[in-house]
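Data block below; observations after.
Every chain is numbered from 1 and lettered A, B, ... according to where its sequence line falls, protein lines coming before strand lines.
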Protein chains: 2
Amino acid sequence: MIRPDSGPPGPDAVEAAHVPMPPSVQAGPMAHAIFRVARLHRALAGQLLRRVGLHPGQELVMMQLWDHGPQRQTDLVRLLGSDAATMTRTIKRLEHAGFVRRRPSPTDKRATIIEPTEASLALRHQVDDIWAELEECTAGEMPEKRQAEAVQVLEEIEASLTLAATRLAQQQTDDPAAPPEGRAGRG
Amino acid sequence: MIRPDSGPPGPDAVEAAHVPMPPSVQAGPMAHAIFRVARLHRALAGQLLRRVGLHPGQELVMMQLWDHGPQRQTDLVRLLGSDAATMTRTIKRLEHAGFVRRRPSPTDKRATIIEPTEASLALRHQVDDIWAELEECTAGEMPEKRQAEAVQVLEEIEASLTLAATRLAQQQTDDPAAPPEGRAGRG
DNA sequence: TGACGTTACCTGCTCGAACAAGTAAATCAG
DNA sequence: CTGATTTACTTGTTCGAGCAGGTAACGTCA
């Protein structure tokens, strides 16, 4: 792997921030930017989704179901890049709210088929509107060309992260050497 | 809207991604991209931070303290764009882990000054390394120029989101008309 | 058929994040 | 000085996310 920058950044990295920008923050300009954009974006999504009574993340499940029809939980997990445990709980809440129904798979007794209810269809266009608004808020004053550029950049980053995550996962299964024993929390 | 698919998918689940790109997902390309990048990035950060016993988010607090020295909780909240309640708990955990100390403000009896402990200094370079690695993983094979472009795009998005969030907050304080009464959860 | 490993799902736990509500101190208005 | 408002922080609750552990159903291979 390349190490374009190891020590405290000199003039490279990011020079834009003329003065204060402390060393630690300056160290990872992309990381920091992603972090903040992510939080803002999620918060905004939460605000908008609140109108229709959904929590961020739930709308993704519903959209997936509306688009692709009934699916097993595992499929939802895989397609949304989520976690089985999280999906179990999210589905449970959506079912409780009446947006989703659960049905045992006829071919696999382990699996559960999730399907959107008729009631959920009323939500669909609202969610679509919300996502359109979210997209507007995200794009701001950007011209369309710039938006396309942004999407491209994001996809590039996604590819990098996916690769890194894969590599790191493999590395950890290969070498379960140092099992971390505790993190900062009630320690 | 359109009803591209209502019944159960033929070849079960999803067989491919090349063609379909469902309407809902297609609707908000940036939103979707941000969502996935955010989750991947956070997950990766979690993996790396796990080595030093920190949870994602905690390192930001520590970096802020290392860079700017002892501060009030409110300052941390404001600078990190976080929430007072979240900060209270995060600080509590960091204190419990021995990375942070709390001291009453001499000038304001309401305030608490947070300062990094000597023990935390051992963490500092590890966290710096982790952020460097995170930045590498995020950047991938991008040339430096492309990275700068990415940062610029992200900052542009951040500005848009900030503006939108501000506008939405104002709009809601002005017009507390329709108080949402319930969301999907244990409904 | 039976042992073994995998898969699909559930439960318990912790943590960050957000909202609501409350306390105490500081600040402002009369 | 008194009363109202703002500020700083705490606590309770819910939700998404992740890890760990457990169960039941599949698949395979001997």
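There is no side-chain donor-acceptor pair under 3.5 Å between B:T90 and B:Q58.
One atom, CZ of A:R78, and another, C1' of C:dC9, lie 16 Å apart when rounded to the nearest Å. Remark: P of D:dA17 and CZ of B:R36 are 14 Å apart, rounded to the nearest angstrom. At whole-Å resolution of the value, CD1 in A:I91 and P in D:dA17 are 12 Å apart. Between the NE2 atom of B:H96 and the C1' atom of C:dG16 there is a distance of 18 Å, rounded to whole Å. Protein atom CG of A:L54 is 15 Å distant from nucleotide atom C1' of D:dT14, rounded to whole Å. Between the C1' atom of D:dA17 and the CZ atom of B:F35 lies a distance of 11 Å, rounded to the nearest Å. Put simply, CD on B:E59 is 10 Å from P on C:dG16, counting in whole angstrom units. To the nearest angstrom, P of D:dC15 lies 16 Å from CE of A:M62.
Taking the six-membered ring where the residue is Trp, B:H41 and A:F35 present perpendicular rings, their angle passing 60° and hence far from 30°.
Side-chain N/O atoms of B:R93 include one lying less than 4.0 angstrom from OP1 or OP2 on C:dG16. Between B:Q58 and C:dC15, a side-chain N or O to OP1/OP2 separation shorter than 4.0 Å is absent. At the phosphate of D:dG18, neither OP1 nor OP2 sits under 4.0 Å from any side-chain N or O atom of B:Q47.
For the atom pair SG (B:C137) and CG (B:L40), the distance works out to 11.5 Å, reported to the nearest 0.5 Å.
Looking at which nucleotide of DNA chain C each of B:S82 and B:K109 is closest to, the 5′-most match is held by B:S82. Comparing A:R42 and B:H55, the nucleotide of DNA chain C nearest to each residue sits closer to the 5' end for B:H55.
Within the 4.5 Å cutoff, no side-chain heavy atoms of B:L60 are placed close to those of B:L76. Within the 4.5 Å cutoff, the side chain of A:E59 has no heavy atoms near those of the A:V52 side chain.
A salt bridge does not link A:E141 with A:R146: every distance from a Lys NZ or Arg NE/NH1/NH2 to an Asp or Glu carboxylate oxygen is 4.0 Å or more.
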_Sequence-aligned protein contact record of nucleotides 5-11 of chain D, with B where the base is within under 4.0 Å of a protein heavy atom and S where only the sugar-phosphate is_ = --BSSBB

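In this structure A:D108 satisfies the side chain to side chain donor-acceptor pair (under 3.5 Å) test together with A:R110, sequence neighbours excluded.
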